[in-house]
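I have placed the structure first, in the form of structure tokens, so that the comments after it can refer back to it.
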Amino acid sequence: MEMSDRYDPSEVEQRIYAWWQSSNYFRSEDVSTKPPFSTILPPPNVTGSLHLGHALDHTIQDVLVRWKRMSGFNTLWLPGTDHAGIATQSVVEKKLKKEGKSRQDLGRDAFVDEVWSWKEQYGGRIVEQMKRLGDSCDWDRHVFTLDENVSQAVKKVFVQLYEKGWIYKGTRLINWSPSLESALSDLEVDYKEVKGNLYHIRYDLEDGSGSLTIATTRPETLLADTAVAVNPDDERYASFIGRKLKLPLLDRSIPVIADEHVETEFGTGALKVTPAHDFSDYEIGKRHNLEMINMLNKNGTLNEAAGEYAGLKVFEARKKVVEDLEAKEQLLKTEPHTHQVGHCSRSGCVVEPLLSDQWFVKTEHLAEPAKRVVESGTITFEPESWTKTYLHWMDIIQDWCISRQLWWGHRIPAYYCEQGNVTVSEGQPTECAVCGSANLKQDEDVLDTWFSSGLWPFSTMGWPEETETQKTFYPTNVLVTGHDIIFFWVARMIMAGLEFKKDVPFRKVYIHGLIRDAQGKKMSKSTGNAEDPLELIDEFGADALRFTLMAQIASGRDLKFSKQRLEGYRNFMNKVWNATRFALGAFDGFDASKIEPGTVLNSNDLSDPDQWIIHKIGQCEAEVDAALSSYRFSDATHAVYSFVWHELCDWYLEFIKPVIYGEDSKEKTATQTVLVQVLNRAVRLLHPFAPFISEEIYQKLPIKGEACIVDTYPTPKNDKDWLEMGSETVATELDLVREVITAIRNIRGENRIKPGVEIKTVLAPKDDKSQKILGGNKEYIRSLAKVGELLIQPDVDMNKSAVTPVRMGDLSVEVVVPLEGLVDFAEEVKRISKNIEKLQKELGSLSKRLSNENFLKNAPEDVVTQGKKQMEDLKTQIESLEASKLRLS
RNA sequence: AGGGUCUUAGCUCAGUUGGUAGAGCGCCACCCUUACAAGGUGGAUGUCGUCGGUUCGACCCCGGCAGGCCCUACCA
């Protein structure tokens with residue numbers, strides 16, 4: 001079997017993925033004896049292409065799903081895509097525009113057909129990209145938010161809520177996007193700081209007896225003013241209350257009213273009231289029964305209510321109004337003013353508050369139980385801190401504007417007769433519910449995309465039919481998503497789940513951070529700092545990308561994506577690959593046919609390194625298990641990384657080389673057996689994070705099951721007997737050997753002894769046990785530290801030698817390397833002095849602590865005894881170093 | 001304005017019940033040693049933002065301050 005010395009992911013990944021899929025390994029069963037584990041994929045927009053945010057979100061889910069699948073669960077990861085009303089409609093409109101057409105030219109039906117054909121052609125792109133990342137979704141269950149059964153669910157929910165009175169139609173002030181010509185929900189508005197002006201405008205009293213000055217950032221809206229408000233306690237304006245003002249430019253008569261809402265401190269303390277174009281003015285208007293004048297057309301231009309300003313765009317009107325006021329000397333002052341302005345999160349245009357007829361979901365009764373399930377802990381957030389944010393939002397939740405003036409989406413199932421009576425129905429009604437008229441027209445509007453998304457956990461499982469899928473997999477175990485859509489989506493799923501399934505949609509919400517660039521800025525296409533995950537996969541491999549994301553993610557925190565780290569983990573994949581190359585070479589002539597992953601060997605046949613590595617992989621498994629169980633992904637990857645690289649590769653593979661290349665066949669067979677078992681286990685451990693390379697290697701090993709992806713996930717509970725071959729005692733003993741080797745290497749390095757030079761070393765053990773351990777591992781020390789003559793004897797002549805004391809628990813040994821003729825002693829004196837200094841510093845703070853009576857009195861006994869013992873050790877070590885330093889000078 | 005969160009090695013970040021700190025990358029030196037130069041061995045590096053409190057002892061707990069980020073709500 002030929003293996004290149006560089007791991008080439010591009011060759012491996014697509015082949016492996018196709019094989020997994022054709023083998024149906026991603027499939028979940030509606031009926032199974034296995035315990036269920038389910039999660040639903042937050043459906044990406046069909047227009048989307050995979051960005052790093054998806055990559056992070058999906059990798060977390062895939063890690064959980066693969067881990068659970070390997071842990072024996074009937075695992076469902078339910079994929080889907082979202083029709084994304086505005087986004088998709090915009091894409092197709094742009095395409096039409098290039099052809100010189102508009103959606104209006106085509107008409108509704110033809111346009112919707114056009115969108116569908118666009119969706120058929122390009123809508124699968126993101127799914128293909130998800131496969132590149134390795135997402136192990138149950139693709140047979142893929143759902144699109146406009147699929148027939150989802151539409152059925154949407155209609156049923158709409159009708160039920162309508163019948164309960166929880167969906168209503170009303171004329172209210174809503175956020176309007178002039179460029180989309182559609183209503184938006186509160187959540188779809190982003191507030192951005194904008195530098196503008198505060199204009200001070202004089203409003204004259206009708207009777208000519210005086211004037212009042214207001215301050216506004218939007219002078220053009222005065223055209224729709226219907227009052228000026230002052231604070232009732234503001235003495236400056238007390239005499240104005242109840243009198244009439246002449247509205248500048250239009251000369252309409254408007255009253256001065258008193259309202260608590262007005263801040264006396266801001267501006268002039270007098271507020272122009274435009275109830276139809278400002279949210280707080282709207283409230284004032286309602287309180288005082290003011291006329292509401294709408295001065296805007298749907299496209300954001302001014303209408304006939306604006307008189308001669310009709311037809312202008314808002315910003316043009318503002319300019320002209322200011323000029324005209326100036327000409328009439330009614331503009332008294334213009335001062336720079338920075339304030340927050342709402343922008344459409346989709347188109348970026350400035351949002352206009354607009355009075356219009358829309359459909360709303362009344363949220364108070366839905367929010368109440370949705371709050372309770374989080375308060376009671378039925379649903380928990382990870383990290384927990386999001387609980388507070390969620391509850392706060394549920395406290396201040398407003399009714400949800402769900403109608404959108406678009407053509408692409410779930411059309412509102414409401415029908416009107418000529419008289420304007422409303423019939424709401426799941427199917428096409430034949431007659432008006434009020435007047436019986438057969439002439440019915442369906443509402444032109446569609447529903448907010450999030451309306452259908454909110455039903456996702458059960459609409460994807462066949463609801464409203466009672467399906468086996470729901471019985472088995474609802475509620476889902478966990479929902480993984482970013483904090484940007486907690487309110488858009490998570491909250492609404494909880495409300496809908498409780499209302500329609502009478503149960504929570506998931507038990508756990510894992511909230512991850514957002515991806516930022518190396519400078520900490522939000523990644524976005526427009527700023528050009530977005531890394532394309534597909535390019536990263538091409539260059540570094542999907543495994544490396546996944547591993548990087550998992551290593552970088554820290555509990556709920558945003559993460560700064562680091563390409564350097566990606567490179568590092570690409571190197572790690574290569575390391576794993578090459579370790580396998582070595583191992584496969586080491587299996588030459590090895591008969592693995594009778595070996596199982598859990599086959600236990602006679603412990604007499606095992607070398608210390610064999611027992612050590614088994615012990616270490618057991619520890620690693622425990623760490624990974626604990627980390628994954630509590631969603632600490634970076635800890636899990638770190639445990640695997642450090643085991644594979646620093647324990648398996650750095651030490652174990654080096655330890656066994658003399659055995660593998662040696663002649664002792666019994667010893668060799670034992671080591672080969674352990675090696676193949678450890679590697680098999682290690683790639684299974686690695687699999688959720690790096691599925692491709694682990695599967696590829698798994699298949700190359702002489703012992704294996706059908707596929708890594710469906711093999712058992714190693715934990716300390718699996719193959720207990722096998723893990724027990726790894727003894728902690730032996731592990732500690734071998735740690736002494738490793739320390740000795742490091743000490744010799746350090747002496748070599750610091751004294752600049754060339755790697756080619758074989759040195760003589762004397763090990764002076766301080767006790768019988770150390771003597772025995774070192775004796776037993778003599779060959780390892782010789783080969784790993786490049787020692788020629790190695791003596792182990794309690795008494796040694798330390799004259800003109802480098803000396804390093806080594807301790808490991810109760811074990812103690814002095815490493816002595818005679819330097820005569822090898823090097824200049826000056827370097828060694830320097831080295832020893834450095835060590836002494838270090839130890840003395842430690843001793844200093846330790847003895848200070850131990851001489852504190854209060855410490856001795858109050859600290860726990862074991863801390864004190866440990867400190868005392870440590871101090872003795874330090875003293876001994878320093879003494880021996882001082883002695884050898886003396887002998888050199 | 002209110003709330004949240006963060007400030008640890010040059011960079012990015014770990015640090016799970018308080019016992020003076022770790023990783024990766026980067027850096028320095030030496031090495032193409034028969035798995036891997038995307039590698040090996042060794043090495044250097046931190047008054048843990050600041051001030052104060054609790055404690056025998058604080059990166060960790062409490063409070064003030066400074067700075068960064070995020071969210072919510074806004075004064076027109």
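So that the names make sense, note that chain A is the first sequence line, chain B the second, and so on, each numbered from 1.
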In whole angstroms, how far is the P atom of rA1(B) from the CD atom of Glu263(A)?
13 Å
Please report, rounded to the nearest Å, how far the P atom of rG40(B) is from the CG atom of Asn574(A).
11 Å
Quick one: is Trp386(A) getting a side-chain N or O under 4.0 Å of the rG3(B) phosphate, OP1 or OP2?
no
Atom pairs under 3.5 Å, N or O on each side, protein against nucleotides 27-34 of chain B: can you list them with distances?
{"unit_1": "rC31(B)", "atom_1": "OP1", "unit_2": "Lys754(A)", "atom_2": "NZ", "d": "3.4"}

For Glu750(A), answer base if it contacts any base atom (sugar-phosphate contacts may also be present), sugar-phosphate if it contacts only those atoms, and nothing otherwise; contact means non-hydrogen atoms under 4.0 Å.
sugar-phosphate
Considering every strand and a 4.0 Å limit on heavy-atom distances, what is the contact class for Glu567(A): base, sugar-phosphate, or nothing?
nothing
Looking at every strand, decide which applies to Ser634(A) at a 4.0 Å heavy-atom threshold: base, sugar-phosphate, or nothing.
nothing
For Leu566(A) and rA38(B), give me the distance from atom CG to atom C1', rounded to whole Å.
12 Å
Between Pro9(A) and Thr216(A), which has a closest nucleotide on RNA chain B that is more 5'?
Pro9(A)
Roughly, in whole Å, what's the span from CD1 in Ile511(A) to P in rC70(B)?
18 Å
Identify whether any heavy atom of Asp278(A) sits under 4.0 Å from a base atom; if not, whether one sits that close to sugar-phosphate; answer base, sugar-phosphate or nothing.
nothing
When you measure from the centre of the six-membered ring of Trp577(A), is the NZ or CZ of Arg6(A) under 6.0 Å away and within 45° of the axis?
no
CZ of Phe587(A) versus C1' of rA35(B): gap in Å, rounded?
12 Å
Working note: Tyr7(A) + Asn578(A), criterion side-chain hydrogen bond (donor to acceptor under 3.5 Å, both in side chains); need CA distance, chi angles, decisive distance, verdict.
CA-CA 8 Å; Tyr7(A) 171 59; Asn578(A) 276 299; over 6 Å; no
For rA23(B) versus rA14(B), give the span between their P atoms, rounded off to a whole number of Å.
16 Å
When you check the gap from the basic side-chain N to the acidic O, do Asp395(A) and Lys371(A) get nearer than 4.0 Å?
yes
Does a side-chain N or O from His646(A) land closer than 4.0 Å to OP1 or OP2 of rG40(B), or not?
no
Considering only heavy atoms, which members of residues 391-398 of chain A lie under 4.0 Å from some atom of RNA chain B?
His392(A), Ile396(A)
Taken to the nearest whole Å, CD1/Ile486(A) to C1'/rG4(B) is 12 Å
So what does His277(A) hit on the nucleic acid, given a heavy-atom distance under 4.0 Å: a base, only sugar-phosphate, or nothing?
nothing
Neighbours of RNA chain B within residues 827-839 of chain A, by heavy-atom distance under 4.0 Å
Lys834(A)
Counting only side-chain heavy atoms from C-beta out, which of rA35(B), rG24(B), rU41(B) sits nearest to Glu654(A)?
rA35(B)
If the P atom of rG49(B) is compared with that of rU16(B), how far apart are they to the nearest Å?
15 Å
For a quick check of understanding: with a heavy-atom distance under 4.0 Å over all strands, which category does Thr742(A) fall into, base, sugar-phosphate or nothing?
sugar-phosphate
How are the rings of Trp393(A) and Phe487(A) set to each other: parallel, tilted or perpendicular (split at 30° and 60°)?
parallel
Any idea how Phe572(A) and Phe547(A) line up, ring-wise: parallel (<30°), tilted (30 to 60°), or perpendicular (>60°)?
tilted
Holding to side chain to side chain donor-acceptor pair (under 3.5 Å), I want the full list of residues that pass it with Thr334(A), two or more places apart in sequence or in another chain.
none
Is there a side-chain polar atom (N or O) of Asn852(A) under 4.0 Å from OP1 or OP2 of rG57(B)?
no
Under 3.5 Å, side chain of Asp281(A) to main-chain N/O of Pro275(A), donor-acceptor pair present?
no
When all nucleic acid strands are considered with a 4.0 Å heavy-atom cut-off, which category describes Lys575(A): base, sugar-phosphate, or nothing?
base
With heavy atoms under 4.0 Å as the rule, sort Tyr191(A) into base, sugar-phosphate or nothing.
nothing
With a 4.0 Å cut-off on heavy atoms, is Arg6(A) in touch with a base, just the backbone sugar-phosphate, or nothing at all?
base
Taking Glu382(A) for the side chain and Tyr631(A) for the main chain, is one N or O donor matched with an acceptor at less than 3.5 Å?
no
Is there a side-chain contact between Asn578(A) and the phosphate of rA38(B), meaning an N or O under 4.0 Å from OP1 or OP2?
no
Closest heavy-atom pair, Thr268(A) versus His200(A), reported as atoms and distance to 0.1 Å, is CG2-ND1, 3.3 Å
Side chain of Leu271(A), heavy atoms from C-beta onward: which of rA37(B), rA76(B), rC71(B) has the nearest atom to it?
rA76(B)
Take the protein atom CG of Asn854(A) and the nucleotide atom P of rC56(B), then report the distance between them rounded to whole Å.
6 Å
With 3.5 Å as the limit, what N/O pairs link the protein to nucleotides 15-19 of chain B?
none

Under 4.0 Å from OP1 or OP2 of rC75(B): is there any side-chain N or O of Ser280(A) that close?
yes
Sub-6.0 Å ring centroid separation between His337(A) and Phe266(A):
yes
Could you tell me if Arg849(A) sits above the aromatic ring of Phe855(A), with its cationic atom closer than 6.0 Å to the ring centre and no more than 45 degrees from the axis?
yes
Phosphate oxygens OP1/OP2 of rG22(B): is one of them under 4.0 Å from a side-chain N or O of His638(A)?
no
Could you label the plane-to-plane angle of the His646(A) and Tyr641(A) rings as parallel, tilted or perpendicular, counting under 30° as parallel and over 60° as perpendicular?
perpendicular
Any idea how Tyr237(A) and Phe240(A) line up, ring-wise: parallel (<30°), tilted (30 to 60°), or perpendicular (>60°)?
perpendicular
Which one, rC25(B), rC75(B), rG43(B), comes nearest to the side chain of Asn746(A)?
rG43(B)
Does His261(A) or Gln552(A) map to a spot on RNA chain B nearer the 5' end, using the closest nucleotide for each?
Gln552(A)
Spacing of Tyr7(A) atom OH relative to rG39(B) atom P, expressed in whole Å
17 Å
Tell me what Arg745(A) touches on the nucleic acid: a base, only sugar-phosphate, or nothing, going by heavy atoms under 4.0 Å.
sugar-phosphate
Salt bridge check: are Lys657(A) and Glu779(A) linked by an N-O gap of less than 4.0 Å?
no
In dot-bracket, 5' to 3', how would RNA chain B read with Watson-Crick or G-U wobble pairs under 3.5 Å, [ ] for crossing ones and | for pairs to another strand?
(((((((..((((.....[..)))).(((((.......))))).....(((((..]....))))))))))))....
Side chains of Ser630(A) and Arg632(A): do they bring a donor and an acceptor to under 3.5 Å?
yes
